[in-house]
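Here the structure is a predicted model, which means the values were calculated and not measured.
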Amino acid sequence: MKKWISFKLSIQIFFGFIFLAILFHLLVMAGLVPPDIVWGGRLQSQDELIKMESISLFILVFMALIIAIKARWIFINITKVTDYVIWLIPLLFFLNNWGNLQALNAMERIIFTPITLVLTLTSLRIALEKF
C-alpha cells in the first residue's frame, strides 16, 4: 500500500475529506441538508439528530487531531499512544462504510460509501507509516 500512495498525499486527502465531512455535519445540524441522508435515515427527532451529529463532529475532530499528531503537525509527547490509537480510525471508517451500505437512503449508499472507502484506505495508509 505504501507504494500506491505517499504518506503526504494520504494526509492531504484525509484532511480534505475530514474538512468536508465537518462542514457537511454542520450543515445537517443547521437544517440546510435534509437529515434523512445521515445515520442511515433512521433518526426520529431533532434532539436525536443534534445528539448524533454532535457525536459525529467530536469523532471527526478527534480523528483529525490524531492524524495531525501522526503527521507531526502538532507536537505533543503522546506519539506512542497515537501509534496505537490511530488504528481505530481505519476500523471506524470500515464500520461506517458497512453502515452506509445498510442505509435506507440510496443517496447515502451511493455517495457516502465511496467516500468512506477512500477515508478507510487513506487512514490505513497513514497508520502504516513508521517514523
Legend entry - Residue pair Ala103 / Glu108: nearest heavy atoms and the distance that separates them: CB-OE1, 3.5 Å
Inset, instruction - Over 60° means perpendicular and under 30° means parallel, so classify the ring planes of Phe112 and Phe24, tilted if in between. - result: tilted
Inset, instruction - Check whether Ile69 and Phe62 end up in the same hydrophobic cluster, where Ile, Leu, Val, Met, Phe, Trp and Tyr are linked by side-chain heavy atoms less than 4.5 Å apart. - result: yes
Inset, instruction - Search all heavy atoms of Pro34 against all heavy atoms of Ile37 and return the closest pair with its distance. - result: O-CG1, 3.3 Å
Inset, instruction - Could you state whether Val81 and Val61 fall into the same hydrophobic cluster, counting links through intermediate Ile, Leu, Val, Met, Phe, Trp or Tyr residues with side-chain heavy atoms under 4.5 angstrom apart? - result: yes
Legend entry - Spatial distance of atom CG (Leu9) from atom OG1 (Thr122) [nearest 0.5 Å]: 9.0 Å
Inset, instruction - Please examine the side chains of Ile22 and Leu26, heavy atoms only from C-beta on, and report whether any two atoms are closer than 4.5 Å. - result: yes
Legend entry - Spacing of OG belonging to Ser6 relative to CD belonging to Gln12, to within rounding of 0.5 Å: 7.0 Å
Inset, instruction - Determine whether Phe19 and Val118 fall in the same hydrophobic cluster, where Ile, Leu, Val, Met, Phe, Trp and Tyr are linked whenever their side-chain heavy atoms lie under 4.5 Å apart. - result: no
Inset, instruction - Determine the minimum heavy-atom distance between Ile86 and Asp83, stating which atoms define it. - result: CG2-O, 3.5 Å
Inset, instruction - Verify the cluster assignment for Tyr84 and Ile59: are they in a single hydrophobic cluster under the rule of side-chain heavy atoms below 4.5 Å apart? - result: no
Inset, instruction - Taking Lys70 for its side chain and Glu129 for its backbone only, find out whether a donor-acceptor pair lies under 3.5 Å. - result: yes
Legend entry - Inter-residue atom distance Ile5.CD1 - Ile126.CD1, 0.5 Å rounding: 8.5 Å
Inset, instruction - Determine whether Trp87 and Leu124 make a side-chain contact, defined as any pair of heavy atoms from C-beta on separated by less than 4.5 Å. - result: yes
Inset, instruction - Can you measure from OG (Ser56) to CE (Met29) and round to the nearest 0.5 angstrom? - result: 9.0 Å
Inset, instruction - Any chance you could measure Leu57, atom CG, to Leu23, atom CG, to the nearest 0.5 Å? - result: 10.5 Å
Inset, instruction - Search all heavy atoms of Ala21 against all heavy atoms of Leu60 and return the closest pair with its distance. - result: CB-CD1, 3.8 Å
Inset, instruction - Answer with yes or no whether the side chains of Thr113 and Asn100 bring together a donor and an acceptor at under 3.5 Å. - result: no
Inset, instruction - Enter the distance from Thr116:OG1 to Leu121:CG here, rounded to the nearest 0.5 Å. - result: 10.0 Å
Legend entry - Nearest atoms (heavy-atom pairs only) where Leu101 meets Arg109: O-CD, 3.3 Å
Inset, instruction - Could you check if a side-chain atom of Leu49 sits within less than 4.5 angstrom of a side-chain atom of Val38, using non-hydrogen atoms only? - result: yes
Inset, instruction - Answer yes or no: does atom CH2 of Trp73 have more than 12 heavy-atom neighbours from other residues, nucleotides or ligands under 6.0 Å? - result: yes
Legend entry - Closest contact, heavy atoms only, Arg42 versus Leu104: NH2-CD2, 3.7 Å
Legend entry - Pro90 side chain reached by Arg125 side chain, heavy atoms, under 4.5 Å: no
Legend entry - Residue Phe94 excluded, over 12 heavy atoms near CZ under 6.0 Å: no
Inset, instruction - Answer yes if the side chains of Trp39 and Glu53 hold a donor-acceptor pair under 3.5 Å, and no otherwise. - result: yes
Inset, instruction - Apply side chain to side chain contact (heavy atoms under 4.5 Å, CB included) to the pair Phe14 and Ile89, showing each step before the final yes or no. - result: CA-CA 11 Å; Phe14 183 86; Ile89 297 172; 4.1 Å; yes
Inset, instruction - Check the hydrophobic clustering (I, L, V, M, F, W, Y; side-chain heavy atoms under 4.5 Å; chains of links allowed) and say if Leu91 and Trp98 are grouped together. - result: no
